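As the structure is a prediction and not an experimental result, all values here were calculated from the model.
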Amino acid sequence: MADWHWEYDPDDLPDGLPPEATAEAARLAQEIATRDSMVFLDGASYAGPNPGLRTECGGHVMLTYLTDVRGERIVVVQVTWFG
């Protein structure tokens, strides 16, 4: 398994969210990164198309994100908090 990570774009995306929303978003983003590291085993040498914009819900949070396969990262572009 590669060393996949996740990040927000823009960096200040979680500003203004309550701490429990930020924690839940981080947990979900890490789960997505772990899963995608197992789906896209080639990582940086992957030659296929990127999956595009996707959403994932967990608990009281929904993330909209991109999987940057060759960069081995998840880029969270929107966080929706239902708490």
Distance from I32 atom CD1 to L63 atom CG, nearest 0.5 Å?
-> 5.0 Å

Check residues 41-50 and write down every donor-acceptor pair under 3.5 Å in which the side-chain atom is one partner and the other belongs to a residue at least two apart or another chain.
residue	atom	partner	partner atom	Å
S45	OG	D42	O	3.0
Y46	OH	P49	O	2.9
N50	OD1	V69	N	3.4

For residues 22-29, please give each side-chain donor-acceptor pair under 3.5 Å, one per line with the distance, not counting sequence neighbours.
residue	atom	partner	partner atom	Å
T22	OG1	P18	O	3.4
E24	OE2	H60	N	2.5
R27	NH1	E31	OE2	2.6

Using the test side-chain hydrogen bond (donor to acceptor under 3.5 Å, both in side chains), find all partners of E56 that sit at least two apart in sequence or belong to another chain.
-> R35

What residue pairs, at least two apart or across chains, pass side chain to side chain donor-acceptor pair (under 3.5 Å) with a residue in residues 74-83?
-> none

Table please: side-chain donor-acceptor pairs of residues 6-13 below 3.5 Å, with sequence neighbours left out.
residue	atom	partner	partner atom	Å
E7	OE1	H5	NE2	3.3
E7	OE2	R73	NH1	2.5

Taking ILVMFWY side chains as joined if any heavy atoms are under 4.5 angstrom apart, and letting links pass through other members, which residues group with F82?
-> M62

Cluster check L66, V76: I/L/V/M/F/W/Y, side chain < 4.5 angstrom | no

ILVMFWY network linking V39 to L53, side-chain heavy atoms under 4.5 angstrom = no

